[in-house]
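Beneath this line is the structure, given in structure tokens, with notes to follow.
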Amino acid sequence: MQYLIKNKNILLVKFFLFFLLFIYFSLLPNFYNLIQPDSHSYISGSEMQKHLYTVIIKIFTVSNDNFDLLINFQKFFLITSILFLFFILSKSNQFLALIFLLLITLNISYISYSKTILTESIFFSFLNYFLGLFLLYDKKKSEILLYLACFCLGGLYAIKSIGFVITIPFFLIICFCYKKKKRIFIST
């Protein structure tokens with residue numbers, strides 16, 4: 001019974017933090033304009049910008065050219081990724097997790113990317129989810145967590161052209177850790 005009460009309290013804290021961050025993200029002034037010089041190539045789906053972000057824009061602006069739904073999705077995705085990483089970090093070191101949350105929420109530039117038509121917000125979200133899943137995998141050694149982490153790496157790769165540079169080192173780290181885990185299981 002205490003386990004259920006504890007889980008309900010944690011869930012309540014997560015929802016409270018989510019809505020608090022969503023309000024904070026919404027009320028905070030935007031550092032950037034909605035449309036940036038690079039935004040037009042993503043919106044039009046030019047040959048130069050053949051990435052996942054163009055598809056996401058088309059999904060969220062199917063009926064009109066109103067970007068409110070896209071911006072709300074970007075805010076939601078970024079906030080949930082920040083909270084996910086925060087709760088994973090808090091299981092190891094609550095002080096470090098609190099510092100992480102404070103530094104992220106006080107970084108107006110970081111938050112403002114979720115309110116503009118650029119890939120950065122979704123890119124950072126995939127990165128946050130990847131780091132959280134990788135830290136969780138390191139503790140639990142569940143292959144599903146590894147697959148989800150690799151899915152996030154695929155998102156990093158597909159959302160932005162620089163994703164290739166970020167993805168390769170992380171992928172090599174995952175391969176090394178997975179191979180090391182397999183050796184431990186074989187030797188026991």
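As the structure is a computational prediction, the values presented were derived from the model and not from experiment.
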CG-CG distance between L85 and L133, expressed to the nearest 0.5 angstrom
9.5 Å

Look at the side-chain heavy atoms of Ile, Leu, Val, Met, Phe, Trp and Tyr, link any pair under 4.5 Å apart, and say whether I108 and Y110 land in one connected group.
yes

Compare all side-chain heavy atoms of F126 with those of L153 and state whether any distance is below 4.5 angstrom.
no

Determine, stepwise, if the pair F130 / F151 fulfils ring-ring contact (aromatic ring centres under 6.0 Å, His included).
CA-CA 8 Å; F130 167 75; F151 175 79; over 10 Å; no

Rounded to the nearest 0.5 angstrom, the SG-CG distance for C150 and L156 is 11.5 Å

Single-linkage hydrophobic cluster, 4.5 Å side-chain cutoff, L69 and L118 together
yes

Listing request: all side chain to side chain donor-acceptor pair (under 3.5 Å) pairs with a residue in residues 83-97, at least two apart in sequence or in separate chains.
S92-K139

Is there a path of hydrophobic side-chain contacts, each under 4.5 Å between heavy atoms, that joins L106 and L101?
yes

Would you say Y32's side chain and K115's backbone share a donor-acceptor pair under 3.5 angstrom?
no

Shared hydrophobic cluster for I99 and F124 (ILVMFWY, side-chain gaps under 4.5 Å)
no

Report the residue from I82, L78, N128 that forms a side chain to side chain contact (heavy atoms under 4.5 Å, CB included) with I104.
I82

Can you tell me if Y129 and T80 form a side-chain donor-acceptor pair at under 3.5 Å?
yes

Hey, what do you get for CG (L52) to CD1 (I56), rounding to the nearest 0.5 Å?
4.0 Å

Taking C-beta and beyond as the side chain, do N72 and F60 meet within less than 4.5 Å on heavy atoms?
no

Taking the side chain as C-beta and beyond, is there a heavy-atom pair between I88 and L131 under 4.5 Å?
no

Counting only heavy atoms not in F171, do more than 12 fall under 6.0 Å of its CZ?
no

Drop me the distance from I162's CD1 to Y157's OH, to the nearest 0.5 angstrom.
12.0 Å

How far apart are the closest heavy atoms of T61 and I57, and which atoms are they?
OG1-O, 2.5 Å

Rounded to the nearest 0.5 Å, how far apart are OH of Y147 and SG of C152?
15.5 Å

Can you see which heavy atom on F86 is nearest to which on A97, and at what distance?
CD1-O, 3.2 Å

Flag, side chain of T116 to backbone of Y113, donor-acceptor distance under 3.5 Å
no

Gap separating the OH atom of Y53 from the CD atom of E120, nearest 0.5 angstrom
9.0 Å

Atom CZ of residue position F76 - does it have more than 12 heavy atoms of other residues, nucleotides or ligands inside 6.0 Å?
no

Joint cluster assignment, I79 & L102, ILVMFWY side-chain distance < 4.5 Å:
no

Which heavy atom in S114 sits nearest to a heavy atom in Q74, and how many Å separate them?
O-NE2, 3.2 Å

